[in-house]
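Here the structure comes first, spelled out in structure tokens, and everything after it is commentary.
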Amino acid sequence: MKTTLLNLSELQPYYRNARRGNVDAIAESLQVNGQYKPIIVNEGTHTGRPFEVLVGNHTVQAAQQIGLESLSAVVVDVDDAQARRIVLVDNRTSDLATYDDELLADLLADVDGFMGTGFTDADLDALVGPPAPKSDPDDAPPLPEAPASKPGDVWLLGGSRLVCGSSTE
């Protein structure tokens, strides 16, 4: 497989692209990280649609948005049936992927800012919870006038039990 540099003006979007991408997030990534993977372009001798983008349509839109003139591409020459399969599998395998949430949280925690990653503080908070509020550990809220518990009560807290009582008895 060989990559080549293609002018954006030569490229045509896939005529039946059902995927909707976040062009702004891709543009930000291109600005921060540069292009790190090629788009896939069909030469078009079998379809009559030269330089049709099979993989990377939103990357092309993002590149145009930020003023790039060319992108690195792998050029294939396939018929309509194979083009459809490439378009479908590229999008569907992304949909089927999942994350190891613990490892993802570690990766996000190690990034110096989220610019160019497609992630936000809210994404990290959703994985690990928002940061605990900073307070004096000796501060305690006032006791309620009518407590909800009495000695002998057992509270189920997930897989744990909390028994209310006196440590002096």
Side-chain ([X]) to main-chain ([Y]) donor-acceptor, under 3.5 angstrom:
X: Asp100; Y: Leu103; answer: yes
X: Gln82; Y: Asp79; answer: no
X: Glu43; Y: Thr45; answer: no
X: Asp153; Y: Lys150; answer: yes
X: Glu28; Y: Gly116; answer: yes
X: His58; Y: Val23; answer: no
X: Gln35; Y: Ser72; answer: yes

Around atom [atom1] of [X], are there more than 12 heavy atoms of other residues, nucleotides or ligands at under 6.0 Å?
X: Tyr15; atom1: OH; value: yes
X: Asp112; atom1: CG; value: no
X: Glu10; atom1: CD; value: yes
X: Leu96; atom1: CG; value: yes

Check: [Y] and [X] side chains under 4.5 Å, non-hydrogen atoms:
X: Cys164; Y: Pro151; result: no
X: Val75; Y: Leu6; result: yes
X: Val87; Y: Arg16; result: no
X: Arg19; Y: Asp95; result: yes
X: His46; Y: Asp77; result: yes
X: Val163; Y: Trp155; result: no
X: Val74; Y: Val41; result: no
X: Arg161; Y: Leu156; result: yes

[X] [atom1] to [Y] [atom2] distance, which is reported to the nearest 0.5 Å:
X: Ser29; Y: Asp24; atom1: OG; atom2: CG; value: 12.5 Å
X: Leu124; Y: Phe119; atom1: CG; atom2: CZ; value: 10.0 Å
X: Leu107; Y: Thr117; atom1: CG; atom2: OG1; value: 10.5 Å
X: Asn17; Y: Gln61; atom1: CG; atom2: CD; value: 8.0 Å

Open item on the list: Could you see if Val76 belongs to whatever hydrophobic cluster contains Val55? Use Ile, Leu, Val, Met, Phe, Trp, Tyr and a side-chain cutoff under 4.5 Å.
Closed with: yes
TODO: Give the intermediate values and the outcome of side-chain hydrogen bond (donor to acceptor under 3.5 Å, both in side chains) for residues Asn91 and Ser94.
DONE: CA-CA 5 Å; Asn91 289 317; Ser94 293; over 6 Å; no
For [X] and [Y], work out which heavy atoms get closest and say how close.
X: Val78; Y: Thr47; result: O-CG2, 3.6 Å
X: Ile66; Y: Ala27; result: CG2-CB, 3.7 Å
X: Pro13; Y: Asn57; result: CA-OD1, 3.1 Å

TODO: I would like to know whether Leu162 and Val154 meet side chain to side chain contact (heavy atoms under 4.5 Å, CB included); could you show each step before the answer?
DONE: CA-CA 6 Å; Leu162 175 67; Val154 178; over 6 Å; no
